[in-house]
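This is a predicted model, so every value here is computed, not measured.
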Amino acid sequence: MQVRISDDALALACGADAVAQAFADRGHAVVRTSSWGMHWLEPLVDIDGVGYGPVGVGDVAAILAGEAEALCIGRIAEHPFLAAQTRLTFARAGRTRPLSLEDYAATGGWAGLERARAMGAEAVVAEVTASGLRGRGGAGFPAGIKWSTVARAAAPHKYIVCNADEGDSGSFADRMVMEGDPFLLIEGMAIAGLAVGADKGFVYIRSEYPHAIAKMQAAVRLAAAIVAPFEIEVRVGAGAYVCGEETSLLNSLEGKRGEVRAKPPLPAHMGLFGCPTVINNVLTLVAVPYVLAQGAQAYADYGMGRSRGTMPVQLAGNVKHGGLFETAFGITLGELVERIGGGTDSGRPVRAVQVGGPLGAYFPPALFDTPFDYEAFAAVDGLIGHGGITVFDDRVDMAKQARFAFEFCAAESCGKCTPCRIGSVRGRETLDKVIAGDAPDANLALIADLCETMKFGSLCALGGFTPYPVLSAINHFPEDFGLRLAEATA
């Protein structure tokens, strides 16, 4: 009997290694695979397509004896959480061995790169542009426009930089790709390199991802001959959140202090080592092989408005069914939280969800009918960001959450610009006064003015987006700030 158990970092943290060893000790072959993304069931054991989870070492004997009905979830691929998804990027999740070139090729791997080589650079850029693929790192900038800018630039060297500095709370899709399907990222980068004329790429991974770093380094070695003459090098960050901002990342790659650069020039014109550079997030680059293999229209057929394709949504926080749910744009926030996520794990009412990491806005249930779409979120002063959703129940103190946004910005600011460096500290101090009941009306008016300065005066999104969680918490939950609803909305 073959037993399949994920070696994803989350599964390992839940005890997957010990469970795998328990099966091996009983004489069964154990295959370590990528994760299905149903994190509340980890360690999830797959035996001939039937799942059991969450499994502890003490459950192994009962499973082998056919006496673990309570842990059995039926056929994994038919589970409602998976059956409701549209998996393009995560089509291999749970099914393949992460570092098996054989598994990757057998499931359609390298088909996009082969078609790209046959089409030629200009046609590849046109295909990506026609697909409507937008950056999945937060800004939502069209990938095709960025690629075409670099492709047109005249320079002796060009680079592809993959931003894998996934620092947002409640976000883990990049990590799952690198740990579970690393060749997909390599293929996407190789296609990008071909399209713009770059001969080298860098994967910049946060130091807090040791498993992802090891998997990517191994995968790069294994795939080197396949993507040649394009070369890829893995670089490890040093724990700075601000290095998730593209120009700070470039400085870090060059061995400099990780702080933002003033724009212009844009990295597409003068990026890494002064050369034209494509900087894309992991989720952007791993969408590319599907676009090239299946065609731009096949990808663009999913989604709504200007938000095309799918988004791997990450459900975290106080949520019953935490995990990764890939779906086409257009599903509502409420469906994701209540129907897919199952509401809170505590069983208490959902009071707020934060979308887009620590700099994302807070949404009350009254806005749960908002479609998961870049423009729809912008219309209600929100951000999709990296697609992370963090759920809070009715015990959350939103004044403390707003304070945390300022505190986080103050701790992570690179110090390059005054609005971020000083504004975050003054914001935290002023919210402390509000929480203490000191003239909340006057101090909240000061907060609003400060947020205006940070939003439009900061050099990068760290300071520029900090007002989103602060103002959304004040506007949607005024009672936590000592304000009556009528006063807050007047």
Taking the side chain from [X] and the backbone from [Y], do they hold a donor-acceptor pair closer than 3.5 Å?
X: T466; Y: G464; answer: no
X: R115; Y: L292; answer: yes
X: D181; Y: V177; answer: no
X: E187; Y: L113; answer: yes
X: R308; Y: G305; answer: yes
X: Q2; Y: A29; answer: no
X: S131; Y: L133; answer: yes
X: R92; Y: T107; answer: yes
X: S35; Y: G37; answer: yes
X: S252; Y: L249; answer: no

Parallel, tilted or perpendicular: ring planes of [X] versus [Y], cut at 30 and 60 degrees:
X: F81; Y: H321; result: perpendicular
X: F202; Y: Y159; result: tilted
X: F377; Y: F372; result: perpendicular

Do [X] and [Y] have a side chain donor and acceptor closer than 3.5 Å?
X: S307; Y: D373; value: yes
X: T310; Y: E326; value: yes
X: N251; Y: R261; value: yes
X: Y362; Y: Q401; value: yes
X: D174; Y: N281; value: yes
X: E245; Y: T247; value: yes

Check whether any side-chain heavy atom of [X] lies under 4.5 Å from a side-chain heavy atom of [Y], and answer yes or no.
X: T86; Y: Y302; answer: yes
X: C409; Y: C420; answer: yes
X: T33; Y: R95; answer: no
X: P371; Y: I331; answer: no
X: V242; Y: S413; answer: no
X: L222; Y: V220; answer: no
X: V353; Y: L333; answer: yes
X: I186; Y: Y104; answer: no

Compute the ring centroids of Y374 and F329, then answer whether they are less than 6.0 Å apart.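 That pair passes the under 6.0 Å test.
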
Going by the salt bridge (charged side-chain N to carboxylate O under 4.0 Å, His left out) test, which pairs reach into residues 374-391, not counting sequence neighbours?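 Every salt bridge (charged side-chain N to carboxylate O under 4.0 Å, His left out) pair that includes a residue of residues 374-391, provided the two are not neighbours, is R134-E375, R306-E375.
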
Between V31 and V3, is the side chain to side chain contact (heavy atoms under 4.5 Å, CB included) condition met? List the steps. CA-CA 6 Å; V31 176; V3 180; over 6 Å; no

Spatial distance of atom [atom1] ([X]) from atom [atom2] ([Y]) [nearest 0.5 Å]:
X: M176; Y: D8; atom1: CE; atom2: CG; answer: 5.5 Å
X: R4; Y: R32; atom1: CZ; atom2: CZ; answer: 12.0 Å
X: I389; Y: Q314; atom1: CD1; atom2: CD; answer: 9.0 Å
X: C243; Y: Y204; atom1: SG; atom2: OH; answer: 4.0 Å
X: T390; Y: F392; atom1: OG1; atom2: CZ; answer: 5.5 Å
X: L10; Y: E42; atom1: CG; atom2: CD; answer: 6.0 Å

For [X], does the [atom1] atom have more than 12 heavy-atom neighbours from other residues, nucleotides or ligands under 6.0 Å away?
X: E122; atom1: CD; result: no
X: K200; atom1: NZ; result: yes
X: R257; atom1: CZ; result: no
X: M270; atom1: CE; result: no

Closest heavy-atom pair and its distance - [X], [Y]:
X: L253; Y: F273; result: O-CZ, 4.5 Å
X: L359; Y: Y468; result: O-CB, 3.5 Å
X: G415; Y: R421; result: O-NH1, 2.8 Å
X: Y241; Y: P358; result: OH-CG, 3.8 Å
X: A328; Y: G303; result: CB-N, 3.7 Å
X: L194; Y: G120; result: CD2-C, 4.2 Å

Presence of salt bridge, [Y] and [X], under 4.0 angstrom:
X: R75; Y: D46; value: no
X: D199; Y: K158; value: no
X: D7; Y: R97; value: no
X: K263; Y: E246; value: yes

Does V350 form a side chain to side chain contact (heavy atoms under 4.5 Å, CB included) with F368? I'd like the steps, not just the answer. CA-CA 11 Å; V350 176; F368 276 10; 3.8 Å; yes

Sequence-distant partners of Y209, side chain to side chain donor-acceptor pair (under 3.5 Å), two or more places apart: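 E166.
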
Option from T129, N280, V125 for which side chain to side chain contact (heavy atoms under 4.5 Å, CB included) with K146 holds: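 It is N280; the other options fail the test.
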
Validation: residues 453-460 side-chain donor-acceptor distances under 3.5 Å, sequence neighbours left out:
{"unit_1": "T453", "atom_1": "OG1", "unit_2": "D449", "atom_2": "O", "d": "3.4"}
{"unit_1": "S458", "atom_1": "OG", "unit_2": "M454", "atom_2": "O", "d": "2.7"}

Would L272 and V161 count as a side chain to side chain contact (heavy atoms under 4.5 Å, CB included) here? Give the steps. CA-CA 8 Å; L272 186 63; V161 172; 4.1 Å; yes

List the steps and the verdict of side chain to side chain contact (heavy atoms under 4.5 Å, CB included) for I160 and V196. CA-CA 9 Å; I160 306 297; V196 305; 3.7 Å; yes

